[in-house]
Amino acid sequence: MKAQPVFTDSKELIDFINTVKFDTAGLVPAVVQDVENNEVLMVAWMNQESLRRTLESGQAWFYSRKRQALWLKGETSGNYQYVREVRLDCDGDTLLLKVDQVGVACHLGTRSCFSRLVGSSAPEKRTERIIADLYSLIKERQKTQPEGSYTVKLFQRGRGRIAQKVGEEAVEVVVAAMQDDHSELVEETADLIYHLLVLLVECGVSPEEIREKLAERRR
């Protein structure tokens, strides 16, 4: 994944910044949205300088009101946001950033900062959300290659070995089902889904593409 400037023309960049209506503190809220599935990932604040850096670099920069300092998303966590599009709302006082998210967006370890259900202290646990988070984590492992990671070892061994593991885990699922072993079936199914997600990352296929294909089959 590569960062690319949102504006290549300096005049267009300056004109866009001048259009933004910053508040009395010189700030404007920025809603960050996944460019692939339009999921809202987080909301942060930007000033003129962080907006300029974002537009010039193609990576999301924000302004921390608590620390009163600029910060690059992912600088410490590695969970960078590569900005593909920036929009301004009709009143000119709110920004929308459409990004490619590396890893998770939330400091709590979830894909989105809006994973918490109303009236619940626990993150949302929908299967779709968990799979999306796991897929993002696997993509991050592929990119950062942390030492000692089993996922990294799979990528290093290549697509053939990953596909072989998917086949092996599929056989284990069938065996557990035929033996009517509930706990083993759950365990082997989880292993199969994990290895299948690794294969999808390796092949450049997103869960969103699978979801769309499954939706077609409901018709």
Original post:
After noting the C-alpha distance and the side-chain angles of L95 and V31, does the key distance pass the side chain to side chain contact (heavy atoms under 4.5 Å, CB included) rule?
Top reply: CA-CA 6 Å; L95 292 167; V31 179; over 6 Å; no
Test of understanding: with salt bridge (charged side-chain N to carboxylate O under 4.0 Å, His left out), list the residues that count as partners of [X], not counting sequence neighbours.
X: E172; answer: none
X: E56; answer: R52
X: R65; answer: none
X: E168; answer: R161, K165

So how far is it from [X] [atom1] to [Y] [atom2], rounded to the nearest 0.5 Å?
X: K21; Y: D23; atom1: NZ; atom2: CG; answer: 13.0 Å
X: I162; Y: Q156; atom1: CD1; atom2: CD; answer: 10.5 Å
X: R53; Y: L72; atom1: CZ; atom2: CG; answer: 9.0 Å
X: H107; Y: C113; atom1: NE2; atom2: SG; answer: 7.5 Å
X: L51; Y: L27; atom1: CG; atom2: CG; answer: 11.5 Å
X: E202; Y: K139; atom1: CD; atom2: NZ; answer: 13.0 Å

Original post:
Does C106 offer a backbone N or O that forms a donor-acceptor pair with the side chain of T110 under 3.5 Å?
Top reply: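 Side chain of T110 to backbone of C106, a donor-acceptor pair under 3.5 Å: no, none is there.
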Subject >> Short side-chain to backbone donor-acceptor contact, D9 and L13, under 3.5 Å >> reply: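 No, because the side chain of D9 does not come within donor-acceptor range (under 3.5 Å) of the backbone of L13.
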Which other residues belong to the hydrophobic cluster containing [X], where Ile, Leu, Val, Met, Phe, Trp and Tyr are joined when side-chain heavy atoms lie under 4.5 Å apart, directly or via other members?
X: L137; answer: none
X: V171; answer: V175
X: V186; answer: none

Original post:
Looking at residues at least two apart in the chain, or sitting in another chain, which of them share a side chain to side chain contact (heavy atoms under 4.5 Å, CB included) with T151?
Top reply: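 Expected list: I138, R141, S149, F155, Y194, V198.
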Is there a side-chain contact between [X] and [Y] (heavy atoms, below 4.5 Å)?
X: M42; Y: S112; value: no
X: E85; Y: V35; value: no
X: E140; Y: N79; value: yes
X: E39; Y: Q101; value: no
X: V99; Y: R84; value: no
X: R111; Y: L41; value: yes
X: D34; Y: N38; value: no

Original post:
Going through the distances and angles, do E36 and S206 end up as a side chain to side chain contact (heavy atoms under 4.5 Å, CB included)?
Top reply: CA-CA 9 Å; E36 290 186 359; S206 72; 4.0 Å; yes
Enumerate the residue pairs fulfilling ring pair (Phe, Tyr, Trp, His ring centres under 6.0 Å) with a member in [range], sequence neighbours excluded, ordered by first and then second residue.
range: residues 51-72; answer: F62-W71
range: residues 130-153; answer: Y150-H195
range: residues 4-48; answer: F7-F16

**OP:** Go through the steps to decide whether T144 and V102 satisfy the test side chain to side chain contact (heavy atoms under 4.5 Å, CB included), and finish with yes or no.
**Re:** CA-CA 10 Å; T144 60; V102 176; 5.9 Å; no
Subject >> Flag for K73-Q81: side-chain donor and acceptor within less than 3.5 Å >> reply: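 No donor-acceptor contact under 3.5 Å links the two side chains.
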Do [X] and [Y] share a hydrophobic cluster, counting only Ile, Leu, Val, Met, Phe, Trp and Tyr and linking them when any side-chain heavy atoms are less than 4.5 Å apart?
X: I210; Y: I131; result: yes
X: V86; Y: Y82; result: no
X: L55; Y: L96; result: no
X: V173; Y: L199; result: yes
X: V83; Y: Y80; result: no

Original post:
How about Q68: does its CD atom have over 12 heavy atoms from other parts shown lying under 6.0 Å from it?
Top reply: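 Not buried by this count: 12 neighbours or fewer within 6.0 Å.
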Subject >> Pairs where residues 182-194 contributes a residue and the test salt bridge (charged side-chain N to carboxylate O under 4.0 Å, His left out) is met, not counting sequence neighbours >> reply: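 Listed by first then second residue: nothing to list.
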